[in-house]
J.: 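Got a structure for you, written out below as structure tokens; questions coming shortly.
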Amino acid sequence: MLDLKFIRENPDIVRQGVENKNEKSRVDELISLDKKRREYIQETEDLKAKKNAVSNQIPVMKKEGKDTTSVIAEMKSIGDEIKVLDDKLKDIETEIENIVMYIPNLPHSSVPVGKSAADNVEVRQWKPDGFSFENPEKVLDHIELGKKLKILDFERGAKISGSGFPLYIGKGATLERALINFMLDTHINEHGFKEVFPPFLVNRDSMKGTGQLPKMEDDMYFINKDDLFTIPTAEVPITNMYRGEILEEKDLPIKYAGYSACFRREAGSYGKDSKGFLRVHQFNKVEMVKFVKPEGSYDELEALVNDAEDILQMLKIPYRVLLLCTGDLSFSAAKCYDIETWSPAENKWLEASSCSNFENFQARRANIRYRNELTKKPEFLHTLNGSGLATSRLMVSILENYQTPEGKIIVPKVLQKYTGFTVID
RNA sequence: GGAGAGGUGCCAGAGUGGUUGAAUGGGACGGUCUCGAAAACCGUUUUAGGGCUUGCUCUAACGAGAGUUCGAAUCUCUCCCUCUCCGCCA
């Protein structure tokens with residue numbers, strides 16, 4: 001959520017930012033509503049002040065034995081007036097909220113302006129020693145490998161739940177678990193994160209806090225009976241840990257890493273890049289979330305990307321880092337890097353991580369503040385999060401990059417102590 | 001799911017219709033005292049929003065929302081949460 005005062009004072013900046021994000025805005029409407037809102041506030045508060053003053057006199061008058069019936073009657077009519085104004089005010093505030101909750105975060109000045117993913121900028125590429133994009137041998141894709149080695153079963157997953165719910169079996173399941181543990185351990189022991197294991201179902205306020213609602217409601221699984229949403233990412237429960245709280249400046253930055261299953265309806269995306277693991281309704285992810293002071297948040301973003309990259313370097317998976325252009329940025333993000341890993345069978349890059357700085361956009365929605373030691377005032381902090389990383393797309397790269405000409409899979413060195421085996425055959 | 005108790009400031013805890021944004025205690029911060037510290041004493045200590053002469057002023061908030069009333073932390077209703085007991089259960 002953007003600051004109403006900021007919108008009021010900088011309508012052009014807001015309009016431009018929203019346009020660069022390929023979104024529509026109702027800034028003008030918002031500004032005129034805001035003006036009306038302030039007029040109503042003044043009117044209603046003047047009446048309330050008067051009412052309070054007179055009401056406080058009533059007990060005094062009674063004590064003095066004076067007749068209060070006419071004052072009471074007068075206050076009653078003022079009360080009715082206040083009620084009418086308050087109702088109007090509430091309507092306006094609801095309308096303002098409806099507009100403001102749909103205004104996206106503005107892109108940071110360092111983000112390239114662009115329309116679509118084609119305008120994203122490659123920042124760097126990394127590949128292990130001796131790696132080549134050319135493959136003399138025939139490479140199997142992850143679906144073929146999964147079937148041949150009996151470690152992935154998409155058909156039975158579909159029978160149990162539906163398409164997009166993969167089933168991991170035997171060494172495939174162990175490898176998945178090993179990967180999760182390896183990533184968590186690395187972030188906790190080497191990158192200074194604290195482990196958290198969050199709930200997978202969250203309430204409506206949490207979904208609003210991180211920006212999934214109201215805009216993306218159709219993409220979320222919803223349990224009507226209990227008014228709960230399955231999380232699309234651990235970002236939601238972890239960021240909302242501090243919703244409505246004021247933190248101490250000395251405790252910042254706060255860094256959490258947590259595993260969760262992630263649930264996405266992916267409404268309307270059937271057919272496109274949807275085979276196997278490429279687009280699924282349930283996947284596993286280790287998420288990193290940071291709560292930081294505003295002034296250092298862009299350094300924290302760079303560090304966050306590096307922490308995610310570390311995992312891939314240890315796994316020896318080729319990857320590249322993209323700086324997303326304005327048009328490809330998500331609703332809540334001010335700046336975002338995607339990390340894509342290489343799939344030799346698809347012969348393309350697959351998005352495995354997204355690291356974003358939300359500045360105070362989420363903090364404002366979720367009302368997460370810290371007390372500035374200098375000013376002693378509560379201020380909104382900045383939130384960031386990054387996948388570190390999502391296993392499903394990463395699993396594609398691991399299986400495909402680590403296959404042998406005979407169609408076996410070598411377990412990456414760093415995962416071997418977690419799996420207890422070195423080859424899948 | 002059933003029965004009961006309860007949700008007040010950083011914490012503890014009073015307050016059952018009338019200047020109560022809230023007693024009292026603790027903590028924290030500032031000051032006096034001290035070589036220094038402790039103790040003692042004095043003072044400060046929620047947040048959001050509006051207005052203008054930016055310092056003041058007004059409004060709102062005692063789990064959330066609605067209601068009664070001239071006036072609500074206090075009364076009524078709905079919801080949420082916590083605790084205790086019972087039931088069920090990984």
Side-chain angles (χ1 to χ4, degrees), chain A residues 1-9 30-101 197-209 213 222-229 237 240-252 254 261 360 362-381:
Chain A
M1 184 165 69
L2 298 180
D3 183 12
L4 212 51
K5 199 184 272 176
F6 178 85
I7 300 175
R8 186 194 305 155
E9 287 163 7
L30 185 65
I31 288 172
S32 80
L33 280 169
D34 176 58
K35 188 165 175 235
K36 218 187 280 178
R37 165 180 156 265
R38 282 179 296 149
E39 286 166 7
Y40 276 124
I41 285 175
Q42 220 172 327
E43 213 174 319
T44 187
E45 285 187 355
D46 284 349
L47 287 175
K48 280 178 188 170
K50 186 176 170 191
K51 188 189 74 176
N52 287 343
V54 176
S55 285
N56 286 335
Q57 281 312 108
I58 289 176
V60 178
M61 290 171 74
K62 279 189 174 166
K63 220 171 270 175
E64 291 169 351
K66 291 183 185 160
D67 178 39
T68 55
T69 47
S70 71
V71 218
I72 286 179
E74 192 192 343
M75 287 310 101
K76 188 170 172 59
S77 85
I78 287 190
D80 292 343
E81 238 178 292
I82 289 172
K83 191 179 246 173
V84 171
L85 282 172
D86 268 347
D87 284 348
K88 283 188 187 170
L89 183 60
K90 195 175 281 179
D91 287 348
I92 287 177
E93 283 179 339
T94 307
E95 240 180 295
I96 286 176
E97 160 136 339
N98 278 340
I99 296 176
V100 115
M101 290 297 271
F197 205 141
F200 292 0
L201 299 181
V202 297
N203 59 31
R204 200 169 275 278
D205 284 342
S206 293
M207 292 293 267
K208 275 191 192 168
L213 293 186
F222 176 56
I223 294 155
N224 196 40
K225 197 171 181 183
D226 297 294
D227 205 26
L228 291 170
F229 295 83
N240 277 282
M241 282 170 67
Y242 295 119
R243 171 154 48 83
E245 297 190 26
I246 301 172
L247 307 175
E248 292 302 322
E249 177 170 344
K250 65 174 163 55
D251 295 331
L252 300 180
I254 295 174
N360 66 25
Q362 292 182 328
R364 204 176 275 282
R365 289 185 159 230
N367 197 21
I368 308 171
R369 291 172 292 173
Y370 75 102
R371 192 171 299 281
N372 185 311
E373 276 171 7
L374 273 176
T375 65
K376 305 279 181 217
K377 291 282 169 206
E379 293 174 13
F380 291 111
L381 45 71

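Since we're looking at a predicted model, the values are computed, not measured. Lettering of chains follows the sequences in order, A, B, ..., and the numbering in each one begins at 1.
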J.: Does A:Asp34 use its side chain to pair, donor to acceptor, with the backbone of A:Leu30 at less than 3.5 Å?
T.: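 Such a contact is absent between A:Asp34 side chain and A:Leu30 backbone.
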J.: Nearest nucleotide by nearest heavy atom, which residue falls closer to the 5' end of RNA chain B, A:Lys83 or A:Asn52?
T.: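 Closer to the 5' end of RNA chain B: A:Asn52.
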J.: List the steps and the verdict of side chain to side chain contact (heavy atoms under 4.5 Å, CB included) for A:Asn203 and A:Phe229.
T.: CA-CA 6 Å; A:Asn203 59 31; A:Phe229 295 83; over 6 Å; no
J.: Atom CG of A:Asn56 to atom C1' of B:G18: distance rounded to whole Å?
T.: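 In whole Å, B:G18 C1' and A:Asn56 CG are 7 Å from each other.
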J.: From the options B:G50, B:A48, B:G18, select the nucleotide whose nearest atom is closest to the side chain of A:Arg369.
T.: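 Of all the options, the side chain of A:Arg369 is nearest to B:A48.
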J.: Find the distance between CZ (A:Arg37) and CD (A:Glu93) and round it off to the nearest 0.5 Å.
T.: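 If we round to the nearest 0.5 Å, A:Arg37:CZ and A:Glu93:CD are 5.5 Å apart.
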J.: CG of A:Asp205 versus P of B:G63: gap in Å, rounded?
T.: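 Taking atom P of B:G63 as the reference, CG of A:Asp205 is at 18 Å.
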J.: Given B:C70, B:G51, B:G49, which nucleotide is nearest the side-chain atoms of A:Arg37?
T.: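 So the side chain of A:Arg37 is nearest to B:G49.
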J.: Using the C1' atom on both, measure B:C29 against B:C80 and round to a whole Å.
T.: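 That atom pair is separated by 36 Å.
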J.: How many Å lie between NZ on A:Lys376 and P on B:U46, as a whole number?
T.: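 My rounded result for the distance is 13 Å.
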J.: Grab the CD1-P distance between A:Ile78 and B:G71 for me, whole Å please.
T.: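 Computing the A:Ile78:CD1 to B:G71:P distance gives 11 Å.
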J.: I want to confirm an ordering. Mapping A:Lys62 and A:Ile72 to their closest nucleotides on RNA chain B, which one lands closer to the 5' end?
T.: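 Closest to the 5' end, via its nearest nucleotide, is A:Lys62.
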J.: How far does the P atom of B:A5 sit from the matching atom of B:C75, given to the nearest Å?
T.: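 Approximately 14 Å lies between the P atom of B:A5 and that of B:C75.
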J.: Record whether the side chain of A:Glu45 comes under 3.5 Å of the base of B:G51 through a donor-acceptor pair of N or O atoms.
T.: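 Answer is no: no donor-acceptor pair is held.
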J.: When rounded to the nearest Å, what value does the distance between C1' atoms of B:A48 and B:U53 take?
T.: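 Nearest-Å result for B:A48 against B:U53 at atom C1': 24 Å.
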J.: Taking side chain as C-beta onward, heavy atoms only, is A:Lys50 less than 4.5 Å from A:Ile82?
T.: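 Answer no - side chains too far apart.
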J.: What's the CZ-C1' distance between A:Arg38 and B:G49, to the nearest Å?
T.: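 Interatomic distance, CZ of A:Arg38 to C1' of B:G49: 12 Å.
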J.: Please give the distance between the C1' atoms of B:A60 and B:A72 as a whole number of Å.
T.: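 That atom pair is separated by 14 Å.
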J.: Starting at CZ of A:Arg243 and ending at C1' of B:A64, how long is that distance when rounded to a whole Å?
T.: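 Nearest whole value for this atom pair: 13 Å.
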J.: Are the side chain of A:Arg369 and the backbone of A:Ile246 linked by a donor-acceptor contact shorter than 3.5 Å?
T.: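 Checking the backbone N and O of A:Ile246 against the side chain of A:Arg369, no donor-acceptor pair under 3.5 Å is found.
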J.: In whole angstrom, give me the gap between the C1' atoms of B:C79 and B:G7.
T.: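 Each nucleotide's C1' atom is 14 Å from the other's.
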J.: Which nucleotide, B:U59, B:C70, B:G50, lies nearest any side-chain atom of A:Lys51?
T.: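 That would be B:C70.
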J.: Under 4.0 Å, counting only non-hydrogen atoms across every strand here, what does A:Arg8 touch: a base, just sugar-phosphate, or nothing?
T.: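 Sugar-phosphate, backbone atoms only, no base.
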J.: Taking the side chain as every heavy atom from C-beta outward, state whether A:Glu248 and A:Tyr370 have any pair of such atoms under 4.5 Å apart.
T.: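 No, every pair of side-chain atoms sits at 4.5 Å or beyond.
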J.: Which listed nucleotide (B:G18, B:G50, B:A60) is nearest to the side chain of A:Lys48?
T.: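 From the listed options, B:A60 comes nearest.
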J.: For nucleotides B:C11 and B:C70, find the distance between their P atoms and express it as a whole number of Å.
T.: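 Those two atoms are separated by 36 Å.
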J.: Compute both the distance and the angle, then confirm whether A:Arg204 meets the cation-pi test with A:Phe222: under 6.0 Å from the six-membered ring centre, within 45 degrees of the axis.
T.: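 Yes, A:Arg204 sits over the ring of A:Phe222.
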J.: Expressed in angstrom and rounded to an integer, what is the separation of A:Asp227 atom CG from B:C80 atom C1'?
T.: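 From A:Asp227 CG to B:C80 C1': 12 Å.
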J.: In whole Å, what separates the P atom of B:G9 from that of B:U74?
T.: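 Result for the P pair: 15 Å, nearest Å.
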J.: Would you please test A:Val54 and A:Glu74 for side chain to side chain contact (heavy atoms under 4.5 Å, CB included) and show each step?
T.: CA-CA 10 Å; A:Val54 176; A:Glu74 192 192 343; 5.9 Å; no
J.: From the list B:A60, B:A48, B:C70, which nucleotide is the closest neighbour of the side chain of A:Ser55?
T.: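 Ranking B:A60, B:A48, B:C70 by closest atom to the A:Ser55 side chain puts B:C70 first.
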J.: Between A:Ile78 and A:Met75, does a side chain to side chain contact (heavy atoms under 4.5 Å, CB included) hold up when you go through it step by step?
T.: CA-CA 5 Å; A:Ile78 287 190; A:Met75 287 310 101; 3.7 Å; yes
J.: Stem ranges for RNA chain B, with three or more consecutive Watson-Crick or G-U pairs under 3.5 Å?
T.: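 Stems for RNA chain B, defined as runs of 3 or more consecutive pairs: B:1-7 with B:80-86, B:10-12 with B:24-26, B:27-32 with B:40-45, B:46-52 with B:55-61, B:63-67 with B:75-79.
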J.: Determine the Euclidean distance between corresponding P atoms of B:G43 and B:A23; express it in Å to zero decimal places.
T.: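 Their P atoms lie roughly 14 Å apart.
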J.: Rounded to whole Å, please give me the gap between NZ in A:Lys90 and P in B:G50.
T.: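 After rounding, the gap between these two atoms is 18 Å.
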